[in-house]
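See structure below.
Each ligand, and each atom within it, is numbered from 1 in the order the structure gives. Please read these numbers as outputs of a predicted model, since none were measured by experiment.
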Amino acid sequence: MILVLNAGSSSLKVEVFTSDLTSVLSGSVTSIGTNGTIKLGDETKATKTVGHADALAQMLDSLAHAGITLNNLTAAAHRVVHGGTILTQPARVTPQVIAAIKSVIPLAPLHNPNNLAAMLALQAAAPDLPQYASFGTAFHATNPAVATRYAIPQTEHDAGIRRYGFHGLSYAGTVASFGDTLPRRLLAMHLGNGASLCAIKDGKSIATSMGYSPLSGLTMGTRSGDIDGAAVLRISAALGEDEADRMLNKNSGLQALGGDNDMRNLLNRDDAEAAFAVDHFCYWAARHAGSAIVAMGGMDAVAFTGGIGENAAPVRDKIMAQLACFGDVPVHVIAADEEKQIARDALTLMVAA
Ligand code: ADP
């Protein structure tokens, strides 16, 4: 069995898979660092954790109670949000890989340290357990330089100010789910609280809407999506950097336009504000799709995934209506399963070893 770990900024999600990629159990620890909950299968209880290592220890304890001990595991596999320019493939966790993950902490200060904490805690608890890592940015490593380079001086580019792209595990999972029937030019749209799209040509990402951070591109639940850099400078000068960060990441997007970051609620309302928020979301998804379609020289199919992409048919329909000028193409709805993709990556590396 493979234990997949996804250490977020204040949460730890786990899922256990068999070697044929069947999910057997999943759980989470929330509000790490304070009073939160620990969930495993159908059971939830209150708990207090002091950090990610402690959260992992408590989760391992719960897993053992559920009959899954460290001895039952063949591997652990971690989601790492950012791989920078160096970690462009799933990898076995080695001292070199740990050093590389550390070196890209400045690009994902809220996430990579927690991923590392989980890896090191597990290494201490089970030194012989092979660990693997999959990187949220890696799928986009195939983007050409014209796509990843911002038109800014080389020194800034060399310092890491470039496009990386995110949701890579979701897109890799989307590609895997097509198997032999993968369309040559696929427009994939991951629409959840975070939303992005990706031009996938011959199974490889060639363009994506997120950039240096997951803030850019489409209108999202609470993130602004694209906004002029000069406007960001002015907001930052007026509010200070922290408040500007909070505003653009947490108080913008659907939340700012419709007073609610939840697409389901917005679709259920019938006021003009909610309708505008939904229209804005769909309009910008379609505008960015046009850019991705041009990067592929046309498109053969569209794949929707993520909470909105999978469940909100009115949103899919509105976006597709605006893409009708590109012709009629098959539309696929695919369940996002990043955890399964992480387990698949680990299995692939184990088989190749
Ligand atoms: P995250 O990016 O946090 O993983 P999800 O992929 O779970 O987010 O997507 C959350 C979004 O999906 C929310 O806006 C939610 O309203 C929306 N959503 C989920 N189910 C539905 C539904 N049945 N109809 C419309 N929107 C839905």
Q. What atoms of ligand 1 come within less than 4.0 Å of a heavy atom belonging to N261?
A. 14 (O)
Q. Out of V278, T222, N311, whose heavy atom sits nearest atom 22 (C) of ligand 1?
A. N311
Q: Taking the six-membered ring for Trp and the single ring otherwise, decide whether the centroids of H82 and Y164 are under 6.0 Å apart.
A: yes
Q: Show which residues join I227 in its hydrophobic cluster (side-chain heavy-atom contacts under 4.5 Å, direct or indirect), or state none.
A: L215, V232, I235, L239, M247, L248
Q) Hey, is atom 5 (P) of ligand 1 under 4.0 Å from any protein heavy atom? A) yes
Q. For atom 26 (N) of ligand 1, what is the nearest protein heavy atom, given as residue, atom name and distance?
A. R264 N, 3.6 Å
Q. Identify the closest protein heavy atom to atom 18 (N) of ligand 1: which residue and atom is it, and at what distance?
A. G307 O, 3.5 Å
Q. Cation over ring, R287 on Y283, under 6.0 Å and within 45°?
A. no
Q: With heavy atoms under 4.0 Å as the rule, classify the contact between L191 and ligand 1 as side chain, backbone, both or neither.
A: neither
Q | Close-contact set for ligand 1 against G194 heavy atoms, below 4.0 Å | A | 2 (O)
Q. Which of the numbered atoms in ligand 1 are below 4.0 angstrom from a heavy atom of D262?
A. 14 (O), 15 (C), 16 (O)
Q: Quick one: look up the protein heavy atom nearest atom 13 (C) of ligand 1 and list residue, atom name and how far away it is.
A: M263 N, 4.0 Å
Q) Where do K13 and E339 land on the salt bridge (Lys or Arg N to Asp or Glu O under 4.0 Å) test, with the steps shown first? A) CA-CA 9 Å; K13 289 191 215 151; E339 277 71 21; 5.2 Å; no
(Q) Does either side chain, that of H52 or that of N114, offer a donor lying less than 3.5 Å from an acceptor on the other one? (A) yes
Q. Other than L40, which residues form its hydrophobic cluster under the rule that side-chain heavy atoms must be closer than 4.5 Å?
A. M1, L3, L5, L12, V14, V16, V24, L25, V29, I32, I38, L56, M59, L60, L63, I68, L70, L73, L122, L129
Q.
Taking the six-membered ring for Trp, are F139 and H167 closer than 6.0 Å centroid to centroid?
A. no
Q: Have a look at N193, I308, L267 and point out the one with the heavy atom closest to atom 8 (O) of ligand 1.
A: N193
